[in-house]
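Quick note on labels: first sequence line is chain A, next is B, and so on, each numbered from 1.
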Protein chains: 4
Amino acid sequence: MKKLNLKRDAIMNSAIELFSRDGFHKTKVIDISNHAKVGKGTIYQYFRNKEQLYMESIKYVFELYQTYIKKAIDDEKTPLDKLKKYLYVSDELTSKYGSVVFALMKDMRSNGMSMFDTLTEYENKDIELVLKIFEDGLKENIFKDICPRVATNTFIGAIRFHMGNKYIKPKGHIEDNDLEYLFNMLLYGMIKE
Amino acid sequence: MKKLNLKRDAIMNSAIELFSRDGFHKTKVIDISNHAKVGKGTIYQYFRNKEQLYMESIKYVFELYQTYIKKAIDDEKTPLDKLKKYLYVSDELTSKYGSVVFALMKDMRSNGMSMFDTLTEYENKDIELVLKIFEDGLKENIFKDICPRVATNTFIGAIRFHMGNKYIKPKGHIEDNDLEYLFNMLLYGMIKE
Amino acid sequence: MKKLNLKRDAIMNSAIELFSRDGFHKTKVIDISNHAKVGKGTIYQYFRNKEQLYMESIKYVFELYQTYIKKAIDDEKTPLDKLKKYLYVSDELTSKYGSVVFALMKDMRSNGMSMFDTLTEYENKDIELVLKIFEDGLKENIFKDICPRVATNTFIGAIRFHMGNKYIKPKGHIEDNDLEYLFNMLLYGMIKE
Amino acid sequence: MKKLNLKRDAIMNSAIELFSRDGFHKTKVIDISNHAKVGKGTIYQYFRNKEQLYMESIKYVFELYQTYIKKAIDDEKTPLDKLKKYLYVSDELTSKYGSVVFALMKDMRSNGMSMFDTLTEYENKDIELVLKIFEDGLKENIFKDICPRVATNTFIGAIRFHMGNKYIKPKGHIEDNDLEYLFNMLLYGMIKE
DNA sequence: CATGAATGAGAATTCATTCAT
DNA sequence: AATGAATGAATTCTCATTCAT
């Protein structure tokens, strides 16, 4: 059982909120300490430096996200149901957490190589999750002759772009039934045959 | 005929290269001046400040990109050919410019609101371009009952994610024939019916 | 009771000394921080920027000067005694503070409008102080038919020029008994009748 | 006969106008070159550097001022007439040239020691001019037992302070007949006997 | 002579991090 | 453990001056 640490949690929560809203550079250490209602020095009791706080924030959010999404997918039986679940859960988490994950993902890429590796690591986990579904589906012979990696990229790329636009442009965001449209289109294609 | 300005061009080219490689914050003004082999002060003869240089760099690359892609699409007759062209040209430009466009796109989102508007403006132009194709295709009755905006998001999102990954992970990037896979999958779907 | 703040005071004292000796532009922020034996950044903990430090320095010195001079004048009964006191106190403060006030006054006028207003404000207070004495004296019918504002300008102008010269040219400065000469001359005139 | 040089004169005139309006530091070399409608480099054909241009501007104005005032005084016979003339000519030049002389005088003191000496030199000439009048008057036995140097300081200080206020605060400036008041007050005193 | 593009020394300011209390 | 005052390395930007045309 993880030891309870209120101060540390307060700092992390503030860091997540501010980093995902303003990015790494615009967020100052003092902003986080003010928001968390702790002293500036206290942050350095729990985190080596600003960069580590950033990494830990990302780690925390990603792990939450991936634990949640993995569990949801595991509850489903067929690859199709799993894919549909992935889509709906992505949307659900985006609504709930205001795209924190996607915002952090975008921001990370701007901030140097050490962070980069962690991003890649987490992103790869996400990719592998979906890739596995496609590979299973291929084995079960429910898919056409598709490349599972290309399919994965397509699937994730489409969802992320939707969610990103939803986050950035609330006016033109996708409607609830858009998810059905999206899912059907990806699976059954766009064109009349 | 635009008067040619060697120094200004050298600065812009260096800025584009460094900003897209390292992002706005990691790139120092002095780095750009060294790379362009000009004095630090010279940059301020042509650009009001670092932020403006950044904006101008983005503007330049985006306009090049959009001019090129628009022309390529106009050369095609059918919506299907246009979509295919969009895909191939995106890939071509990504190879050529080392994903500068996508790198800048990603970086912009991390750097404050004034830049954000410009991003949205350029991104919207890109979206409208594809949206138009889908709308025309719907009129010509070649598509299923799809929502053109959802289709557009899917199409662009899938492509960008591919290109982004190609840029980030050069080792695992998509092969040439992946583009065919991608295109067919998007149009004809993934699932056997 | 004002909380004492040693660092802030050290900075202000150094600023007053250097600004009045070298003026706003020749005095660098690093000079002040070195002189005050604090870090460069510490100055920015207490003052928004160099200009604010300058303003606060001026404010501090002027208020000290005006509080002192006002108190001294209030202790005197007749307009004549008040004028004499004003003269002697001006001289006393000049000796004590090395003409900081006059030096700052002179320097302020060279440094833009926002400062200018503050100068005018403080200078007006000084002028009003003397003007009041002349007006009271006129009511008491001890003065000839003089214009109180012209008299005030004359009185202050003469004193300032003396003090200024004393500060600039220490060799040729006015002797102690010069003050008596000055006072008598102003009151009784120069010319034989 | 001084060789005519239009460019140099244009630069000097602009320099005088801008330096006296904005001071040494706020006036940029490019401002002067723009105002004079010459190239920036041209200034360096005629003046070693910005400081020398400043010095030459001051020199030019002061010499004009002193030549004029000296000539005016020489035309008068008695010390009293000379003093009155000095007062009226000071006022006349202030109206005409907008206090350029006084503005430059004030600004000089803020700008380092090399300039300082020149100021002192010119100021001393002005002081000597008036001092001579008082000394002559004393010889002619028209003055009370006054110290000529104190009288000089008083006389000049009073006038400068008037002119300075006139320049800075146009609303409250001295009226024409104030000059008479001023003159009579200085000569005959303020107090009833 | 005249010019203005090019330059870099120099200055103000920011902010992550340290450390004495 | 918690704090925030103190710090200075690092960065952007300015502007007097030079010099090739």
Rounded to the Å, how far apart are [X] [atom1] and [N] [atom2]?
{"X": "A:Phe24", "N": "E:dC15", "atom1": "CZ", "atom2": "P", "answer": "13 Å"}
{"X": "A:Leu53", "N": "E:dT17", "atom1": "CG", "atom2": "C1'", "answer": "14 Å"}
{"X": "B:Phe47", "N": "E:dA6", "atom1": "CZ", "atom2": "C1'", "answer": "15 Å"}
{"X": "A:Asn34", "N": "E:dA16", "atom1": "CG", "atom2": "P", "answer": "12 Å"}
{"X": "D:Arg48", "N": "F:dA16", "atom1": "CZ", "atom2": "P", "answer": "17 Å"}
{"X": "B:Tyr44", "N": "E:dA5", "atom1": "OH", "atom2": "C1'", "answer": "17 Å"}
{"X": "C:Asn5", "N": "F:dG4", "atom1": "CG", "atom2": "P", "answer": "15 Å"}
{"X": "B:Asp31", "N": "F:dT11", "atom1": "CG", "atom2": "P", "answer": "8 Å"}

* Under 3.5 Å on both distances, the Watson-Crick or G-U partner of F:dT7 -> E:dA16
* To do: Searching all strands shown, indicate the nucleotide that pairs with F:dT21 (Watson-Crick or G-U wobble; both distances under 3.5 Å).
  => E:dA2
* **D:Tyr122 and its side chain to side chain donor-acceptor pair (under 3.5 Å) partner, picked from D:Glu63, D:Gln66, D:Lys59** => D:Glu63
* Could you tell me whether D:Tyr46 contacts a base, only the sugar-phosphate backbone, or nothing, with contacts defined as non-hydrogen atoms closer than 4.0 Å? => sugar-phosphate
* Asked: E:dA2 phosphate, OP1 or OP2: any side-chain N/O from D:Lys7 under 4.0 angstrom?
  -> yes
* Structure fact -> Comparing nearest nucleotides in DNA chain F, the 5'-proximal residue of the pair C:Gly39, B:Val29 is C:Gly39
* Asked: So which one's nearest nucleotide on DNA chain F is more toward 5', B:Ile30 or C:Lys40?
  -> C:Lys40
* **Side-chain donor/acceptor of D:Lys7 to backbone N/O of D:Gln45, under 3.5 Å** => no
* Exceeds 12 heavy-atom contacts within 6.0 angstrom, atom OH of C:Tyr46 -> yes
* Structure fact -> Closest to the 5' end of DNA chain E, once C:Thr42 and B:Gln45 are matched to their nearest nucleotides, is B:Gln45
* Asked: How are the rings of B:His25 and A:His25 set to each other: parallel, tilted or perpendicular (split at 30° and 60°)?
  -> parallel
* To do: Please state whether the rings of D:Phe19 and D:Phe24 are parallel, tilted or perpendicular, taking 30° and 60° as the class boundaries.
  => parallel
* Asked: Is D:Lys28 side chain donor-acceptor paired with the F:dT14 base, going by distance under 3.5 Å alone?
  -> no
* Asked: Does D:Lys50 get its side chain close enough to the base of F:dT17, under 3.5 Å, for a donor-acceptor pair?
  -> no
